[in-house]
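This report refers to the structure that appears directly beneath it.
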Amino acid sequence: MSAIRALLYREFALAYRQRSELLQPLIFFVMVISLFPLAVGPAPQTLQMIGPGVIWVAAILSSLMGLERMFRDDYHDGSLEQLLISSRSLSLLSLTKVLAHWLSSIVPLIVLSPLLALFLHLSVEMYWALLATLLLGTPVISLVGAIAVGLTVGLSRGGVLLALLLVPVFIPLLIFATSAVNAAAMQLPYTGHLAIIAAMLLLALALAPFAIAYALRVSLS
Amino acid sequence: MVVLSAHNLSLVKGERLLFEQINFSVNAGNLLYITGPNGAGKTSLLRTLCGFSQGEHGEVRFLQQNIQDCAPLFQQKLVYFGHKAGLNAQLSALENLVFWCRLHAVAAQETDIYAVLADLNLLGLEDIAVSKLSAGQQRRVALARLWLKQQANLWILDEPFTALDKQGIALLNTKMLAFLNAGGAIVTTSHQALSPQQKYQELHLEYRW
């Protein structure tokens, strides 16, 4: 337990010290979304129609920007080697790192989302649905993304490769998330969509830690 | 007592066979000194001994058990000091070491870490980000682990003397001698001659094409 707590403390201390790096994806997220009302015109119907998709695509892209941070520095300065031979469960440590990453770089994005919903004229029902899909769906991005980061961390310039590997994987998530918000827009129930996203999250939560640990071992060997 | 032994160890990296059929055993209180030219595979051998990569053939045993089978025990007793210091550049020496101690189940408190840093001539620098320290000072911070992890009985050190000044080298040599006398085992590579009073077995790796 003390190792988990120490790791969380370290990750948050680092996040605070690298806050400018954390801020960049966030600003990117806000800027991409604010471009849409300018580009497609401020008509509420159009914006409402594309809004959920825009927010989700922007969320996926901007979270891809910050993903690499998760293991990059640790790989290059050798901390990852020390993590590997620490006699602690590497899966558990990886899960802790993912949690710290989600809290420090994705949660701010969710906190900003009401502002963006306003930009895109989302109705209140749509916003609640969007918030629910973001809360359930973004941890999946962090968990699955960490596997790909673990695999590509040893490559120089793995950044673009990371995006190419991950974007197709997130398509199902994107489909269910946006259709949940669209259902909410038509006053239809969307618990089914949420249940499927929650199922994805549980599956990722159960399997990803082992896959991340394995990927890190492969990268270090 | 044999602490670490290699049995018919071979390692292929990319297309190249780095070494094959390596056999050795390191007893408690002994030092194995791995020599060889650049690129001969010294670091790769050490990483294989730590369990980062698995050899093509053969196995590494810790206290007569395969290191993969007794990984938690092996890791509790091991300190690995690699090319990369394993220090986060944005955290201070103290933060780095406190984290490392918690992670590796080392019971040292902050006061113990202060004391070790003082022994290593790093007093007054413990709260500065590691990136602001000189290369030699950074190595000293990383070496503090050897002082802190008292339950260890095996050190695997990759070029431990790099970037250290004379006084640092003397400090480390003294520490290594004390560790060996206390029954520890060391596997190390170095391009520098070890101190004359150290007895050691040597393993020479040839550069192979």
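Within every chain, numbering begins at 1; the chains are lettered A, B, ... in the order of the sequence lines, protein sequences first and strands thereafter.
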So for [X], is it side chain, backbone, both, or neither that comes closer than 4.5 Å to the heavy atoms of chain A?
X	result
Gln90(B)	both
Ser92(B)	backbone
Ala129(B)	neither

Heavy-atom distance under 4.5 Å between the side chains of Leu93(A) and Leu103(B), does that happen here?
yes
Close side-chain approach of Lys84(B) and Leu80(A), heavy atoms under 4.5 Å
no
Looking at Arg47(B) and Leu220(A), would you say the former's side chain and the latter's main chain have a donor-acceptor pair under 3.5 Å?
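A pair under 3.5 Å: yes.
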What's the shortest heavy-atom distance between [X] and [Y], and which atoms?
X	Y	value
Gln75(B)	Leu84(A)	NE2-O, 3.5 Å
Ala89(B)	Asp77(A)	N-OD2, 4.4 Å
Gln82(A)	Tyr80(B)	NE2-O, 2.9 Å

If you count every heavy atom of other residues, nucleotides or ligands that lies below 6.0 Å from [X] atom [atom1], does the total exceed 12?
X	atom1	result
Arg5(A)	CZ	no
Tyr9(A)	OH	no
Phe210(A)	CZ	no
Phe12(A)	CZ	yes
Phe52(B)	CZ	yes

Counting heavy-atom pairs under 4.5 Å to chain B, which of Ile85(A), Asp74(A), Ile4(A), Asp73(A) comes out on top?
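Of Ile85(A), Asp74(A), Ile4(A), Asp73(A), Ile85(A) has the most heavy-atom pairs under 4.5 Å with chain B.
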Tell me, out of Phe99(B), Trp100(B), Phe74(B), who's got the most heavy-atom pairs with chain A below 4.5 Å.
Phe99(B)
Given the options Ala71(B), Ser53(B), Gly86(B), which has more heavy-atom pairs under 4.5 Å with chain A than any of the others?
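Looking at each option in turn, the highest pair count goes to Gly86(B).
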Contact part of Tyr75(A) toward chain B, heavy-atom cut-off under 4.5 Å: side chain, backbone, both or neither?
both
